[in-house]
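In the text below, chain A, chain B and the rest are named by the order of the sequence lines, each starting its count at 1. What you see is a predicted model, and the numbers here were worked out from it, not measured in a lab.
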Amino acid sequence: MAKPSLPQGTRDFNAETVRKRNFIFNTIRSVFELYGYQPLETPAMENLDTLMGKYGDEGDKLIFKILNNGLDNVSKHQQIKDDFEKVLVGKNTKGITERALRYDLTIPFARYVAMNHGQLTFPFKRYQIQPVWRADRPQRGRYREFYQCDADVVGSYSLINEVELATIYATAFEKLGVEVEIKINSRKILAALSELCGGADKMIDITIAIDKLDKIGIEKVKEELLQRGLNENQISIIEKYLSINGNNEEKLIALKNLVGDNATAKKGIDEIEFLINYTKLKNLNIDFTLARGLNYYTGIIFEVKANNVQMGSIGGGGRYDDLTSTFDVPNIPGVGISFGVDRIYDVMEELKLFPVEVQTATQVLFFNLGEAESRAVFDLMQQLRAKNIRCEMFHELAKFDKQFKWADKKQIPYAIIIGSKELEEKNVVLKNLKSGEQKTLTNEQLLSFEF
RNA sequence: GAGAGCGUAGCUCAGUAGGUUAGAGCGACAGUUUGUGGCACUGUAGGCCGUGGGUUCGAGACCCAUCGUUCUCCCCA
């Protein structure tokens, strides 16, 4: 057997890491619950049909496909070879693969809603905290297996949902101690811009190009737009659009001057104004260069960036007014947000934002000083455990030195020593390992001690 | 899918211009010390130098391939 290893882009999590991650999960979950969202879980795998075509061409390539079983079945060899030929030219793949790992939580949710819309009470609000998988090349802040925490509401056009979701973002990150900027834009504004610049079919080209503004600069964006078939006049409108800056109010005024007489743009602007005025969040900023790749968004879109650290977005979302129609259930609008736990973890680790309390494991180590002593220890431990004190006994008879060092390494704050003397006198020696102080307590005093 | 860097002890790394028996720190284990840890000292274990091929009298070092890993672009959380 070769050296054991992990699949690329996946990780093991040790006790410390799991505790820190749980802190993030619990914080986000509690905020979701505060806003009336209910939990949902879906399978790790979906039918390939459910996922394909929902994330754009790039997204489709990153879906982890699961090989069908039974491909070595001799009686089906010819059929399987024929099917594989189709795979090679990018066609129908059912004979080779018909299942895939979940790529995000939104499409499985849409599938769930489409399957169960007859039973659900609308508006239906759900949250979901599960891993997703992407066949991406791993790099900083990018993994092949990572968790998303999504909250979505379907069956409502109300902008109050956007207001609440923006507030969920703000509240959760505040509770985590992470300073963030919540960036918003509207697909309606981007659509209006596209109408003015070569037609609605150019929207994807335009959004892809402008999304790169802060990375490659305005000149390169203009070059890319030219390559994508826009003329000089159209590009100059986009340049004006991208040069809009200032605070939210100033940006909206400038945008109205540029595209305000377009009906779609006006609707998008109204929605953004509503959201900003309603929430009054200080870190909610308009960013007209925000586009987001996923094709299904139709209204306001969100993206969350952590301040003071170099990291891709740690959350994103938006409104999709017609997501379930791809599953033949039309007219169910929705809006949702997602938290990227693994990136939030990396940010918190880099900025040292995890509270120390997160790490308390065993509170008390009982020394093992002999057969009769350890029996007494066991009885005492059971009584402490009944009072929710986390304690354990050293696994074997050993020198003090060894037992102390073990406690140090496991960062256990208290040691309790029960030797022959204490056994006889029915008391214990309690030592605070951090301060070095120790005192003798009766068994009764120990049971009421505040650890 | 495109590009770059790095693979030497459990971990972090050093290894000079290609030259005898590959080193350090940390960690592990044992002892000094069988009723009091963190410190110190002493000792021990631990390496197909990622893998395969090539150049050379001689390769951890140079060349090629391969695998792994990290990072960048694309795209994304």
Side-chain angles (χ1 to χ4, degrees), chain A residues 2-11 24 28 55-63 102-106 129-150 169 180 204 207-209 211-212 215-216 220 224 290-295 302-306 310-318 336-347 365 367-370 373 394 396-423 428-440:
Chain A
K3 268 190 189 171
S5 66
L6 282 173
Q8 196 179 35
T10 66
R11 296 146 305 152
I24 300 174
I28 293 171
Y55 307 107
D57 290 345
E58 288 298 319
D60 283 357
K61 286 184 206 157
L62 300 180
I63 294 171
R102 193 200 292 131
Y103 177 90
D104 74 352
L105 302 178
T106 307
I129 299 179
Q130 288 190 279
V132 303
W133 294 268
R134 295 186 189 176
D136 222 340
R137 279 285 268 283
Q139 53 184 281
R140 179 181 162 84
R142 174 169 307 185
Y143 306 99
R144 286 185 149 181
E145 178 184 61
F146 61 97
Y147 267 77
Q148 291 191 327
C149 303
D150 277 30
Y169 263 146
V180 296
I204 290 174
T207 54
I208 287 173
D211 194 36
K212 296 178 188 170
K215 267 187 188 161
I216 64 177
K220 293 263 182 185
E224 186 157 340
L290 179 63
R292 296 200 52 76
L294 297 171
N295 296 333
F302 298 97
E303 196 160 291
V304 183
K305 280 277 298 172
Q310 176 65 41
M311 178 63 71
S313 66
I314 57 176
I337 58 172
S338 180
F339 290 78
V341 171
D342 299 76
R343 284 186 178 177
I344 293 170
Y345 178 95
D346 289 344
V347 167
L365 177 71
F367 277 26
N368 186 333
L369 298 172
E373 290 88 340
F394 195 78
E396 62 191 6
L397 179 61
K399 289 193 286 189
F400 271 55
D401 175 76
K402 203 163 182 174
Q403 305 199 37
F404 271 121
K405 282 182 176 160
W406 196 78
D408 281 339
K409 253 173 237 163
K410 294 206 26 175
Q411 297 186 50
I412 298 171
Y414 289 98
I416 289 182
I417 299 166
I418 301 176
S420 52
K421 182 166 140 253
E422 289 78 12
L423 198 58
V428 306
V429 172
L430 173 70
K431 179 158 184 170
N432 179 325
L433 292 178
K434 217 169 175 184
S435 66
E437 287 173 66
Q438 68 177 49
K439 49 189 164 187
T440 304

Reckon [X] touches a base, only the sugar-phosphate, or nothing at all at heavy-atom distances under 4.0 Å?
| X | result |
| --- | --- |
| Ile344(A) | nothing |
| Glu373(A) | nothing |
| Leu433(A) | base |
| Gly312(A) | nothing |
| Gly436(A) | base |
| Arg140(A) | sugar-phosphate |
| Gln139(A) | base |
| Asp136(A) | base |
| Lys434(A) | base |
| Phe367(A) | nothing |

Exercise. So, are Asp57(A) and Lys61(A) salt-bridged, with charged N and O less than 4.0 Å apart?
Worked result: no
Exercise. Quick one: the side chain of Gln438(A) and the base of rG35(B), do they pair up donor-acceptor inside 3.5 Å?
Worked result: no
For this session: Would you say whether Phe339(A) stacks on rA77(B)? The test is a distance between ring centres of less than 5.5 Å and an angle between planes of less than 30°.
Result: no
Problem set entry | Atom CD of Gln411(A) with >12 non-hydrogen neighbours under 6.0 angstrom | no
Problem set entry | CD/Gln310(A): more than 12 non-hydrogen atoms of other groups inside 6.0 Å | no
Problem set entry | Nearest listed nucleotide, side chain of Glu422(A), among rG3(B), rG35(B), rA77(B) | rG35(B)
Exercise. Between rC74(B), rA28(B), rG38(B), which nucleotide has the shortest distance from any of its atoms to the side chain of Lys409(A)?
Worked result: rA28(B)
Give each protein N/O atom lying under 3.5 Å from an N/O atom of nucleotides 40-46 of chain B, with the pair distance.
none

Exercise. Mind checking whether Trp406(A) and Phe394(A) have parallel, tilted or perpendicular rings, split at 30° and 60°?
Worked result: perpendicular
For this session: Could you give me the stems involving RNA chain B, meaning stretches of three or more consecutive Watson-Crick or G-U wobble pairs whose two defining distances are both below 3.5 Å?
Result: B:1-7 with B:67-73, B:10-13 with B:23-26, B:28-32 with B:40-44, B:50-54 with B:62-66
